[in-house]
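Just follow the structure's listing: the first ligand is 1, and inside any ligand the first atom is 1. Please read these numbers as outputs of a predicted model, since none were measured by experiment.
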Amino acid sequence: MRVTVFGTGYVGLVTGACLADAGHEVMCVDIDNAKIEDLKRGIIPIYEPGLDALVEQNLQQGRLHFTTNSNEGVDFSELQIIAVGTPPNEDGSADLQHVLAVARTIGQHMSNRKIIVNKSTVPVGTADKVTYAIKDTLRTRQVELKFDVCSNPEFLKEGSAIEDFSKAARIIVGTNSEEVKAVMRECYAPYSRNRDKLIFMDVRSAELTKYAANAMLATKISFMNEIAQMAERLGADIEHVRLGIGSDPRIGFQFIYSGCGYGGSCFPKDVQALARTAQEIGYEAELLNAVESVNNRQKNVLFNKLSHAFDHDLTNKTIAVWGLSFKPNTDDMRAAPSRNLIEAIWASGGKVQAYDPAAMDETSRIYGPRSDLKLTSNREQALEGADALVICTEWKQFRTVDFKWLKTCLNFPVLVDGRNLFDPATAKEAGFMYYAIGRGDSLMPALEQEGRSL
Ligand SMILES: NC(=O)c1ccc[n+]([C@@H]2O[C@H](COP(=O)([O-])OP(=O)(O)OC[C@H]3O[C@@H](n4cnc5c(N)ncnc54)[C@H](O)[C@@H]3O)[C@@H](O)[C@H]2O)c1
């Protein structure tokens with residue numbers, strides 16, 4: 001089967017590479033010339049485990065092609081997948097300019113029947129807008145051609161994108177057309193072998209399903225962070241509470257970690273966009289708004305704890321930061337909690353010495369050279385001359401640490417653990433002022449009661 005994919009970001013490139021790997025012939029189109037030139041040579045612009053090998057292999061076998069020529073992309077196949085970005089507008093709504101630009105491009109170049117598949121995360125009603133944009137373009141060209149627009153939201157996670165795409169829990173397709181259903185079945189047949197993963201529904205329900213899934217996951221995180229805040233104030237330990245509630249099969253252990261807030265390119269913008277949709281239809285989405293505001297508050301937690309440890313004066317303090325990406329196994333820094341932390345450290349006169357296994361280039365790109373930011377080549381170097389350590393991202397290599405050694409590296413025994421990686425009692429025994437999330441033992445008030453200060 002021939003497939004065209006517009007957009008070679010996290011979703012488009014993974015989709016293109018996986019479909020090619022399953023035997024389809026795939027043309028990936030992007031407007032970013034440098035990216036496409038790199039991809040043609042097998043150079044991957046993002047960090048995603050296993051993706052480089054998959055692209056390389058399928059390039060060599062001639063099933064995966066890259067182009068900036070949208071005409072070539074439209075001509076290539078009947079199936080046209082849109083996987084371009086939908087960043088947030090100022091008001092939180094999804095910016096559809098890239099999706100609609102692709103729709104018009106398809107309308108401009110198509111000369112036979114097309115099935116347009118919307119894989120980008122888009123608000124309910126976007127399929128209608130895409131349909132209108134294509135019809136309008138065809139009208140200007142004074143041609144009449146048949147086409148269908150369906151919704152096929154993507155649920156992959158950065159860091160395990162290939163696995164998620166290949167072993168998807170479900171494949172949602174929003175369409176009422178039997179013909180489109182058959183084509184989508186054929187497209188996904190290689191990934192739907194052990195059971196039928198395709199769930200068909202109307203377009204609007206498919207569009208809403210994607211937002212509902214992300215909003216549900218974000219809600220779980222904010223809920224746990226809310227309980228963690230209370231646990232801190234009540235002298236309880238959120239880790240015990242997590243185990244206690246997770247063992248109830250109605251709740252389960254997935255996605256109930258407290259931490260320093262959710263980030264990334266999806267949850268923040270998707271929760272906002274859904275809340276914005278609610279506003280547009282005159283419905284007050286109280287829960288969604290609360291999920292977002294709890295998260296915004298949680299993103300300040302690491303800085304508040306750090307600042308507390310130094311009596312609210314970080315002037316000339318050097319803070320080691322382990323982990324910058326919004327989660328492990330990705331270089332994505334979009335809305336990462338580390339950004340709130342390091343920007344707050346700078347604003348209060350401190351310096352940052354940071355290490356991340358994948359997001360260093362992205363951090364340099366975002367912040368450029370600055371005297372108060374030193375990016376180091378390993379976690380040990382980040383500690384050199386540092387006054388305290390904050391852990392933002394739970395990369396595997398940060399999950400064990402020799403506290404005795406760590407204490408000799410830092411000027412002050414201050415450890416702020418944004419991911420609850422360590423046992424508070426062990427950290428305290430080793431002489432650390434250990435601040436975690438929602439763990440009674442690491443309470444600021446408790447420390448104050450004990451009269452401990454630096
Ligand atoms: N990143 C994720 O984990 C994830 C998961 C599920 C769904 N999504 C959704 O998928 C969509 C894409 O996300 P992403 O993270 O891959 O985005 P991205 O920003 O990484 O990549 C988007 C790509 O589209 C290209 N592009 C923009 N306009 C174009 C055009 N007119 N023609 C061709 N290419 C064009 C850009 O140059 C860029 O390479 C978004 O709607 C996002 O919400 C993302």
Side-chain angles (χ1 to χ4, degrees), residues 4-18 27-39 44-49 51 66-74 76 80-89 93-109 116-123 126 130 133 137 151-165 168-172 206-207 209-215 217-218 262-274 325-327 329-336 362:
T4 301
V5 182
F6 285 89
T8 57
Y10 290 89
V11 169
L13 190 56
V14 169
T15 303
C18 287
M27 175 69 74
C28 292
V29 187
D30 205 291
I31 47 172
D32 186 332
N33 204 26
K35 210 181 221 184
I36 290 294
E37 283 313 308
D38 278 350
L39 284 167
I44 307 296
I46 50 172
Y47 175 87
E48 183 59 49
L51 187 56
F66 294 102
T67 186
T68 50
N69 183 341
S70 45
N71 196 356
E72 195 182 345
V74 176
F76 187 78
Q80 307 270 306
I81 300 180
I82 305 179
V84 297
T86 46
N89 283 315
S93 61
D95 179 354
L96 294 178
Q97 61 164 312
H98 304 299
V99 170
L100 295 177
V102 176
R104 282 191 293 273
T105 299
I106 295 171
Q108 255 150 29
H109 299 300
I116 294 98
V117 179
N118 209 342
K119 195 169 257 312
S120 298
T121 302
V122 290
T126 302
V130 167
T137 317
S151 165
N152 172 221
E154 181 51 57
F155 297 93
L156 63 75
K157 302 183 291 297
E158 287 171 23
S160 56
I162 293 170
E163 170 99 358
D164 291 347
F165 189 93
R170 78 306 209 182
I171 298 162
I172 304 286
E207 289 171 335
T209 297
K210 172 63 192 176
Y211 281 104
N214 275 359
L217 294 170
Y262 60 75
S265 66
C266 293
F267 290 178
K269 85 169 170 58
D270 292 349
V271 170
Q272 263 182 29
L274 189 56
S325 55
F326 84 93
K327 66 174 185 178
N329 300 320
T330 181
D331 59 349
D332 202 334
M333 291 279 292
R334 288 179 278 188
E362 191 54 11

[X] side chain to [Y] main-chain N or O, any donor-acceptor pair under 3.5 Å?
| X | Y | answer |
| --- | --- | --- |
| Gln80 | Val74 | yes |
| Lys210 | Asp270 | no |
| Thr86 | Ala94 | no |
| Glu158 | Tyr10 | no |
| Asn152 | Ile172 | yes |
| Asp164 | Lys157 | yes |
| Ser93 | Asn89 | no |
| Ser120 | Val122 | no |

Which ligand 1 atoms, with their elements, are less than 4.0 angstrom from a heavy-atom of [X]?
| X | answer |
| --- | --- |
| Val29 | 33 (C), 34 (N) |
| Arg334 | 15 (O), 19 (O), 20 (O) |
| Thr86 | 40 (C), 41 (O), 43 (O) |
| Val102 | 30 (C), 31 (N), 32 (N) |
| Ala83 | 12 (C) |

Hey, does Glu158 come in under 3.5 Å of ligand 1, counting only N/O atoms on both sides?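 Looking only at distances, the answer is yes, because the N/O contact criterion of under 3.5 Å is met.
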Lys119 to ligand 1: N or O pair under 3.5 Å?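 The answer is no, given that Lys119 and ligand 1 share no N or O pair closer than 3.5 Å.
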At under 4.0 Å between heavy atoms, which part of [X] makes contact with ligand 1: side chain, backbone, both or neither?
| X | value |
| --- | --- |
| Thr105 | neither |
| Cys266 | side chain |
| Lys35 | side chain |
| Ser265 | side chain |

Side chains of Leu13 and Glu48, heavy atoms from C-beta outward: is any pair under 4.5 Å?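 Contact flag for Leu13/Glu48 side chains = no.
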Side chains of Pro45 and Asp32: does their closest heavy-atom pair fall under 4.5 Å?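 Pro45 does not reach Asp32 side chain to side chain.
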Nearest to [atom], what protein heavy atom do you find, and at what distance?
| atom | result |
| --- | --- |
| atom 18 (P) of ligand 1 | Gly9 CA, 3.9 Å |
| atom 6 (C) of ligand 1 | Glu154 O, 3.2 Å |
| atom 12 (C) of ligand 1 | Val84 O, 3.4 Å |
| atom 37 (O) of ligand 1 | Asp30 OD1, 2.6 Å |
| atom 14 (P) of ligand 1 | Tyr10 N, 4.0 Å |

Heavy-atom contact check, 4.0 Å cutoff: does Lys269 meet ligand 1?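 The answer is yes, since Lys269 has a heavy atom less than 4.0 Å from ligand 1.
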Is there a heavy atom in Glu48 that sits closer than 4.0 Å to ligand 1?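 Under 4.0 Å: no for Glu48.
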Holding to ring-ring contact (aromatic ring centres under 6.0 Å, His included), I want the full list of residues that pass it with Tyr262, two or more places apart in sequence or in another chain.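 Scan of Tyr262 (ring-ring contact (aromatic ring centres under 6.0 Å, His included), adjacent residues dropped) gives Phe267.
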ring-ring contact (aromatic ring centres under 6.0 Å, His included) against Tyr47, all qualifying residues, sequence neighbours excluded: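 With neighbours one apart ignored, the set is empty.
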Tell me the nearest of Val11, Asp95, Thr8 to atom 10 (O) of ligand 1, using heavy-atom distances.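 That would be Val11.
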